[in-house]
Amino acid sequence: MASSYRINCSTLLHLLMFLSSLLTSSANLSFNFYASSCSVAEFLVRNTVRSATSSDPTIPGKLLRLFFHDCFVQGCDASVLIQGNSTEKSDPGNASLGGFSVIDTAKNAIENLCPATVSCADIVALAARDAVEAAGGPVVEIPTGRRDGKESMAANVRPNIIDTDFTLDQMIDAFSSKGLSIQDLVVLSGAHTIGASHCNAFNGRFQRDSKGNFEVIDASLDNSYAETLMNKCSSSESSSLTVSNDPETSAVFDNQYYRNLETHKGLFQTDSALMEDNRTRTMVEELASDEESFFQRWSESFVKLSMVGVRVGEDGEIRRSCSSVN
């Protein structure tokens, strides 16, 4: 069971000052943006996420990943939800994304009460926030008021999302291009404490020998963990199989991810890279030893991520359906 997260006065004051400084650069975003226009918006999203999670424990990981892929490509504008040929959603890099039905359910509930008022971009951000809480993580207050993008291009996906075999330098460059720091990189990588991934997302850490059997080629992996992964993914149906990102507490949002890295049980090469480089190792060790610190830093980095490339004011629109532009 996840440990409870309590914020003391000093931590709360620090967090409020941090959030206030961020909002000065995005004046059209605000806390309780829908207080007068649709006061039930956040309640409806939270209830939708909780209900979906109760019947499918994989939902939080899917919603969190959906949010990352939206924000890293063209900003947090729900462009990843638009259906059609050559859209972001159609790109192979987004083929394994999930959680779309949860967003649609929340959107439909909101539209019934507050037509053309709440953006899909805000619903995606709120759903990811609530997914973390539903999995036992911290409660994070995020500003709202995002507008939805009007275009979605598959060509924008590959240059912006992070491949699981990226080097640390490549990850740092990708995060920096979104205004995110090395600390944000380490903290937001903690999203891998929940969710699951297909075998082809990490099979580059293995190779088949002359008899067709897997063997480890990545020395950074713990031997017993590597054996488990090879056994799981050696099946002819491995392309459809998934493995928990966190082999210890896969359904709980906690700091176990960092403890896994210390014992060389990071699922992806990008995970292991954080423990192998002096620029990030100390942060990993700190977060592994202090869950409250991880939750505080997660709250800060998550808010920063939620504000990447946002559209506000007259930029963008409020989609009536998240899967298509108006």
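Owing to the predicted nature of the structure, the values given are computational and were not obtained by experimental measurement.
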- prompt: Stepwise, does the side-chain contact (heavy atoms from CB on, under 4.5 Å) test hold for L81 with S323?
  reply: CA-CA 5 Å; L81 305 180; S323 61; 5.8 Å; no
task: Take R259 and E248 through the test salt bridge (Lys or Arg N to Asp or Glu O under 4.0 Å) and record every step on the way to the result.
output: CA-CA 10 Å; R259 296 198 291 271; E248 304 297 333; over 6 Å; no
message: Please determine whether side-chain contact (heavy atoms from CB on, under 4.5 Å) holds for the pair M283 and I182, giving the CA-CA distance in whole Å, both sets of side-chain angles, and the decisive distance to 0.1 Å.
response: CA-CA 10 Å; M283 282 186 275; I182 295 181; 3.6 Å; yes
- request: List the steps, then state whether salt bridge (Lys or Arg N to Asp or Glu O under 4.0 Å) holds for R281 with E276.
  value: CA-CA 7 Å; R281 182 186 299 111; E276 295 168 3; over 6 Å; no
- request: Show your working on side-chain contact (heavy atoms from CB on, under 4.5 Å) between C233 and L241 and close with a plain yes or no.
  value: CA-CA 7 Å; C233 295; L241 293 176; 5.8 Å; no
Derivation and outcome, side-chain contact (heavy atoms from CB on, under 4.5 Å), residues N203 and N200: CA-CA 5 Å; N203 61 11; N200 61 9; 3.8 Å; yes
task: Give the intermediate values and the outcome of salt bridge (Lys or Arg N to Asp or Glu O under 4.0 Å) for residues K150 and D77.
output: CA-CA 9 Å; K150 295 182 179 180; D77 65 349; over 6 Å; no
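Crowding of N326 atom CG: a count of heavy atoms from other residues, nucleotides or ligands under 6.0 Å exceeding 12.
Between the side chains of T249 and Q256, not a single donor N or O lies within less than 3.5 Å of an accepting N or O. For the residue pair S220 and D218, a side-chain donor N or O sits within less than 3.5 Å of a side-chain acceptor on the partner. S306 and R129 are not linked by any side-chain donor-acceptor pair at a separation below 3.5 angstrom, with hydrogens and angles left out of the test. Between the side chains of N231 and T228, no donor N or O sits under 3.5 Å from an acceptor N or O. A side-chain donor-acceptor contact under 3.5 Å links D246 and N260. With hydrogens and angles left out, the side-chain atoms of N160 and K178 include a donor and acceptor closer than 3.5 Å. One side chain, Y257 or D271, offers a donor N or O that lies under 3.5 Å from an acceptor on the other. Judged purely by distance below 3.5 Å, without hydrogens or angles, the side chains of R311 and S119 never pair a donor atom with an acceptor atom.
S272 pairs with exactly one of K265, R205, H264 by the side chain to side chain donor-acceptor pair (under 3.5 Å) rule, that one being R205.
The distance from the CG atom of L185 to the CZ atom of R279 is 10.0 Å, given to the nearest 0.5 Å. Here the CD atom belonging to E291 is positioned 11.0 Å from the OH atom belonging to Y258, to the nearest 0.5 angstrom. Taking OG from S189 and CG from N245, the interatomic distance works out to 11.5 Å, rounded to the nearest 0.5 Å. Rounded to the nearest 0.5 Å, atoms CG (D315) and CG (D148) are 11.0 Å apart. Note: R65 CZ to S197 OG = 6.5 Å, rounded to the nearest 0.5 Å. Atom OG in S54 sits 10.0 Å away from atom CD1 in I59 (nearest 0.5 Å).
In this structure, N255 contributes its side chain and A288 its backbone to a donor-acceptor pair below 3.5 Å. Put simply, the side chain of N94 never gets that close to the backbone of V157: no donor and acceptor are under 3.5 Å apart. Between the side chain of T87 and the backbone N or O of Q83, no donor-acceptor pair lies under 3.5 Å. In this structure, D91 contributes its side chain and G93 its backbone to a donor-acceptor pair below 3.5 Å. One N or O on the side chain of D222 and one on the backbone of Y225 form a donor-acceptor pair closer than 3.5 Å. In this structure, K107 contributes its side chain and V118 its backbone to a donor-acceptor pair below 3.5 Å. Judged by distance alone, with hydrogens and angles left aside, the side-chain atoms of T193 form no donor-acceptor pair with the main-chain N or O of G190 at under 3.5 Å. Checked by atom type and distance alone, the side chain of S39 never pairs as donor or acceptor with a backbone atom of S36 at under 3.5 Å. With hydrogens and angles disregarded, a donor-acceptor distance shorter than 3.5 Å links the side chain of S152 to the backbone of S79. Under a 3.5 Å cut-off, the side chain of Q74 and the backbone N or O of E151 do form a donor-acceptor pair.
Following chains of ILVMFWY side-chain contacts shorter than 4.5 Å, one can reach I103 starting from I194, so the two form part of one hydrophobic cluster. Put simply, F72 and M153 are part of two different groups of oily side chains (I, L, V, M, F, W, Y) that touch within less than 4.5 Å, one to the next. By the rule that hydrophobic residues join a cluster once side-chain heavy atoms approach within less than 4.5 Å of another member, I110 and V49 end up as members of one cluster. Put simply, I318 and V45 are part of two different groups of oily side chains (I, L, V, M, F, W, Y) that touch within less than 4.5 Å, one to the next. At a threshold of 4.5 Å between side-chain heavy atoms, the hydrophobic network of Ile, Leu, Val, Met, Phe, Trp and Tyr places L126 and M307 in one connected group.
For the pair I172/F166, no side-chain contact is recorded, criterion being any heavy-atom separation below 4.5 Å from C-beta on. Taking the side chain as every heavy atom from C-beta outward, I123 and T48 never approach each other to under 4.5 Å. The closest side-chain heavy-atom distance from C38 to T117 is below 4.5 Å. Side-chain contact check for F33 versus N28: every heavy-atom pair is 4.5 Å or farther apart. Looking at heavy atoms from C-beta onward, M171 lies in side-chain contact with T270 at the 4.5 angstrom threshold. Using a 4.5 Å heavy-atom threshold, the side chains of L29 and T144 count as separate. Side-chain contact between H69 and I161 is present, with heavy atoms from C-beta onward closer than 4.5 Å. With contacts defined as side-chain heavy-atom distances shorter than 4.5 Å, the pair L305/L180 qualifies.
The aromatic rings of F202 and F268 lie tilted to each other, with the angle between the two planes from 30° to 60°.
We find that E314 and R147 are not joined by a salt bridge, their nearest charged nitrogen and carboxylate oxygen being 4.0 Å or further apart. Using a 4.0 Å cut-off between charged nitrogen and carboxylate oxygen, R146 and D122 count as a salt-bridge pair. Using a cut-off of 4.0 Å between Lys/Arg side-chain N and Asp/Glu carboxylate O, D184 and R297 are scored as not salt-bridged.
A cation-pi geometry, defined here as NZ or CZ lying under 6.0 Å from the six-membered ring centre and within 45° of its normal, does not hold between K62 and F100.
For Y34 and F43, the ring centers sit 6.0 Å or farther from each other. No close placement of the F68 and F302 rings is indicated, their centers lying 6.0 Å or farther apart.
Residues C76 and A121 share a closest heavy-atom pair of O-CB, 3.5 Å.
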